[in-house]
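Notes for the one structure printed next.
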Amino acid sequence: MTEQQEPSTTTRYTPSEFEDSIYQIWQDSGLFTPPADGLRPTFTVMIPPPNVTGVLHMGHALNNTLQDVVIRHRRMTGYDALWVPGTDHAGIATQAVVEKKLYLEQDLKRSDMGRDAFVDEIWKWREHHGDVILNQLQKLGASCDWSRTKFTLDPGMSLAVRTAFVKMWEKKLVYRGSRLVNWDCNLETAVSDDEIEYVTRKGQIYTLRYPLADSDEYIDVATTRPETMLGDMGVAVHPDDKRYAHMVGKNIALPLTHRLIPIVADDSVVADYGTGAVKITPGHDPADYERGQRHNMQVMNILNGDGTMNEECGQFAGLPREKAREEIVAAFEKLELFVGVEDITHNVTISDRSKSVIEPLVSEQWFVRMSEMSQPAINAVNDGSLNFKPARWKNVYLDWLENVHDWCISRQLWWGHRIPVWYDEDNTPLASIEDVEIGSLHPETGKPIVRQDEDVLDTWASSWLWPFATLGWPDSETSQDLTRFYPTQFLSTGRDIIYLWVARMVMAGYAFLDEMPEADRCPFSTCYIHATVLDGQGRRMSKSAGNGIDPVEMINEYGADAVRYSLMILTREGQDVKLADNRFELGQRFCNKIFNVARYVMTHLKGDFTAPADSAFCFEDKWIKSRLAHLNVTISQALENYDFHDAAQALYRFTTDDFCDWYVELSKRRLWAIDDAEVTDEVLASAQAAKNTLGEVLSDLLKLLHPFTPFLTEKLWAELPQDFREDRGLLMGSEWPVADEAAQNVELEHQFDKLRDAVRAIRNVRALLEIPAGNMPEANVHCEEESDVELFNEQASLVSFAAHLESIDVKSIDAASPVATGTDVFSAGAIFLPMPIDADTSKLRSNLEKKLSKIKGGLIGLEKKLSNAKFVENADSEIVEGERQRMHELQIECKTVEANLQNL
RNA sequence: GGGCGUUUAGCUCAGUUGGCUAGAGCACCAGCUCGACAAGCUGGGGGUCACAGGUUCAAGCCCUGUAACGCCCA
């Protein structure tokens, strides 16, 4: 692509013909990898690693487009920009996918295969399918440094995970203990508090009668899970509850068991809810666990890992919990201890992953002490080291950190980082970065090591190290990347993982990078929370609902640039985006526009090019250069602030309105002039100036567009003649244009607006009077200000050309209105078009009448306002003066319109 | 129960520290095969800014309350 290429001859933008080859050219150019010399400041983005089992969905497409826009912009503005890609091993999800596949295809269960063979199968699966989503990111145009692609189970990541674990071990931040955890009976593993959700479901609440031992009295207790009564260790009532006061301290003979359990008084019981008495099942309910602790109750586990009743359950042992529920209710009925059942709706805790009902149960797990680690992460937001955009998400982040619970990090799975802990024969643990040989001696006890911990770590316990582990930490051999590219500047992610991932990464940065100065430890300075993509009806897109729009399909249909651009302009900060698939037409139309205008411009840039003298550049040349300079400032600011919608919108406005509809159309006036028989040097120079301006504006515009529509702009850049690009390199690697301050001319832009308004007014009257395009009358333009008379006289040919006129006759507004004309008023005066013979004036009349009533309405409002002493007194003098001016204008307009109406 | 967000044209959305007649795209209507583009060009119609109060000379914007929808936490 270093040689200039021939412009395309088709009039339709057909992205499928060039996107893949352009991506290949980028790949081969090495530009995805920042230069090794390290001379420029760095700008780093870490991709939120998608699950290795994942396929690209709209959320990914949106999020990764954002990141690519940021990275491409920074790459062009002089940074060594690095975007590190990778995938997450996603413990539970991946294990489940492969487990299912093996079962369906080979009728194999993992328990039959053994750990090593099963893990091998997952690795094989990853070799074949693990890059799907990364390839899809390439179709989207993601300019990641693929040479640095990481996987959260890579050996380097393993080293990082083990190092972090041992650091926590040494600081006593990690501990092993028996605690009530959220147990997923389907997956047979513990999950953390952050991996569960609550759903409202219909259920039943059962009331059971518990007889007191050695008494005729009883207590009724209500429960939604009758089967847990087998694990009851007591019954609690409120200390002030007179109904039960005499029973406190006595025992209950727990039915179906031979156990006696105490009645205790506890403040946590709500006396007027239900029967006012609650059963205490410390082994299977978080609140009861607390109550049990307060009353020194033992914890009894009645469940097996798969959700069946365990050997503590006597006749019920081995039954699935649902079946046990039925049988226990039946048994209570038989004993005449069943009081009743009612339908209720209540919140049920389910597992994020398997969607099965979570059973709280006590088991031996590894936990991370979070409270002290959370403090630096809290400080980071408060001292401004970390900014959220939109800012309100910092509250979600802070809420979680300020109320953080210890994190259960062990999982009873096989796919993941195995916990780097070994035990001697007395179960004394030893944490180690290096593998410990079985049979070697425990350094503290001197006893032989007999086994490694069977469990693996929660996936987030590797991904929280992502920002620095991807850069080589803690390996000193490879960690020059860490010094150069850490901390990163921008993290973009979804709101659902603010605490699962974002908060933990910040904690990890402060906790583990102790060799770095405090100020450099926060892993990113901006956390951008992107919009959620909803379907056309405003529902979340989901696989199960089948309402997802496949970005890859959209790319095939509309092109990656169209998909990218559409997503960017639809994404207002903090605002969810409703997406129907036809919304990509917006981007498609825009890309088509760029494609065609570039083709048009380039047909005029052929051959040798000599730059014209400054004097050859005319009014509209200066105008479009001024608009371009303003656009540059707007885009640059918007991108630095991550206001993607604003940037995309400014590009749209400039490209379609300013450039295509006005400048390019006006340029034809001068370009066609050289076809005339007698061509003066002046005409030639003017045409040359137009060509030069077209080329220069297009060149800069392609650059400004490039972060949003990289494929198309790169293709067009290759076709652009040498004179309009500084070197033969790729657009992707080119320098962002410098906003030309000298070219910015607000006054001139204001003048152009007046010309444009006049042209529009003329076109409007032409349409109302049905004057055909081929008919080129002479129009009168009457201006309110003398300076505008001058302006319109100077730019008469511009106005005539744009409005299809033979010529214009410019006068002061004080001049008498010409007779037999149709009029319209505009921002600087009025225009008059000669009435064609047999003209139907009805449309013009109704237009004028409507306008008149609007003007009169405006006048009444202004009169009222200006006669209000308080307004004149209080409002800024500029505002008051503006209103007076406006009033004056409206009065003139009123007069003009009335006069014309009378003449009709 | 607590927190956050949204409500502006038929649809999807902009609208800055309060200040000219509230904007865009799509859709709609009328006209146009004019030498980049019919995925186009030109012109046009269309809004009680959710509702009720309040502050102010002035409110889509600020304050209070209400309603509907959505998300998160417990």
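Naming: A, B, ... by sequence-line order, numbering from 1 per chain. Atom set for the values below is all heavy atoms of this structure, side chains included, hydrogens, waters and symmetry mates excluded.
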Discussion item. Between A:Ala767 and A:Glu893, which residue's closest nucleotide on RNA chain B lies nearer the 5′ terminus?
Written reply: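 Taking each residue's closest nucleotide, the earlier one in sequence belongs to A:Glu893.
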Discussion item. Which is more 5' along RNA chain B, the nucleotide nearest A:Gly858 or the one nearest A:Lys870? Just name the residue.
Written reply: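 Result: A:Gly858.
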Please determine if a side-chain N or O atom of [X] lies less than 4.0 Å away from the OP1 or OP2 oxygen of [N].
X	N	answer
A:Lys593	B:C41	yes
A:Asn592	B:A39	no
A:Lys668	B:A36	yes
A:Arg392	B:C4	no
A:Lys854	B:U21	no

Check this for me: does any side-chain nitrogen of one of [X] and [Y] sit under 4.0 Å from a carboxylate oxygen of the other?
X	Y	answer
A:Arg756	A:Asp661	no
A:Arg886	A:Glu889	yes
A:Glu785	A:Lys754	no
A:Glu770	A:Lys843	yes
A:Asp753	A:Arg760	no

Nearest-Å distance once atom [atom1] is located in both [N] and [M]:
N	M	atom1	result
B:A24	B:G47	C1'	14 Å
B:U16	B:A50	P	14 Å
B:U56	B:U17	C1'	16 Å
B:U66	B:A30	P	49 Å
B:A74	B:C63	P	29 Å
B:C61	B:G46	C1'	24 Å
B:C29	B:G10	P	16 Å
B:A52	B:A67	P	15 Å

For [N], the Watson-Crick or wobble counterpart (both distances under 3.5 Å):
N	value
B:A38	none
B:U66	B:A50
B:U55	none
B:C11	B:G25

Item to complete: Kindly confirm whether the side-chain ring of A:Trp672 is stacked on the base of B:G35, judged by centres under 5.5 Å and planes under 30°.
Response: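 Yes; centroid distance and tilt both under limits.
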Discussion item. Return the CG to CE distance between A:Asn63 and A:Met58, rounded to the nearest 0.5 Å.
Written reply: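 Output value for this atom pair is 13.5 Å.
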Worksheet item: Is there a donor and acceptor pair, one atom on the side chain of A:Gln588 and one on the base of B:A39, closer than 3.5 Å?
Response: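 Indeed, a donor on one side and an acceptor on the other fall under 3.5 Å apart.
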Worksheet entry | Donor-acceptor pair (no angle test) under 3.5 Å: A:Glu665 side chain, B:A36 base |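 Checked by distance alone, the answer is yes.
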Would you indicate which nucleotide in [options] comes nearest to any side-chain atom of [X]?
X	options	result
A:Arg886	B:G44, B:A24, B:C20	B:C20
A:Phe871	B:G25, B:A39, B:G19	B:G19
A:Tyr13	B:C20, B:A39, B:C37	B:A39
A:Arg589	B:G44, B:C34, B:A39	B:A39
A:Arg583	B:G19, B:U12, B:A36	B:U12
A:Arg653	B:G44, B:C13, B:G25	B:G25
A:Val597	B:U42, B:A24, B:A36	B:A36

Please state how far atom [atom1] in [X] lies from atom [atom2] in [N], giving the value in whole angstrom units.
X	N	atom1	atom2	value
A:His645	B:A24	NE2	P	13 Å
A:Gln649	B:C26	CD	P	13 Å
A:Leu586	B:C13	CG	P	13 Å
A:Asp535	B:U12	CG	P	12 Å
A:Leu698	B:A36	CG	C1'	12 Å
A:Gln891	B:C20	CD	P	19 Å
A:Asp661	B:A24	CG	C1'	14 Å
A:Ile529	B:G5	CD1	P	15 Å

Applying a 4.0 Å non-hydrogen cut-off, can you work out what [X] is touching in the nucleic acid: base, sugar-phosphate, or nothing?
X	result
A:Asn764	sugar-phosphate
A:Cys660	base
A:Lys850	sugar-phosphate

Fill in: Protein proximity profile, nucleotides 68-74 of chain B - base contact B, sugar-phosphate-only contact S, no contact -, cut-off 4.0 Å on heavy atoms
---SSSB
Worksheet item: For atom NZ of A:Lys394, is the number of surrounding heavy atoms from other residues, nucleotides or ligands below 6.0 Å larger than 12?
Response: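 No, NZ of A:Lys394 has 12 or fewer neighbouring heavy atoms, counting only those of other groups under 6.0 Å.
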Discussion item. Centroid separation under 6.0 Å, is that true for the rings of A:Phe708 and A:Phe590?
Written reply: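 When the ring centroids of A:Phe590 and A:Phe708 are compared, they turn out to be at least 6.0 Å apart.
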Worksheet item: According to the interplanar angle, ranging from 0 to 90°, do the rings of A:Tyr565 and A:Tyr652 count as parallel (below 30°), tilted (30 to 60°) or perpendicular (above 60°)?
Response: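 Rings of A:Tyr565 and A:Tyr652: parallel, under 30°.
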Discussion item. Against the six-membered ring of A:Phe659, is A:Lys593 placed for a cation-pi contact (under 6.0 Å from the centre, within 45° of the normal)?
Written reply: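 Not satisfied by the 6.0 Å and 45° rule.
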Discussion item. Whether A:Arg504 engages the ring of A:Trp407 as a cation-pi pair (distance to the six-membered ring centre under 6.0 angstrom, angle to the ring normal within 45°) should be assessed.
Written reply: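 Checked: cation-pi criterion met.
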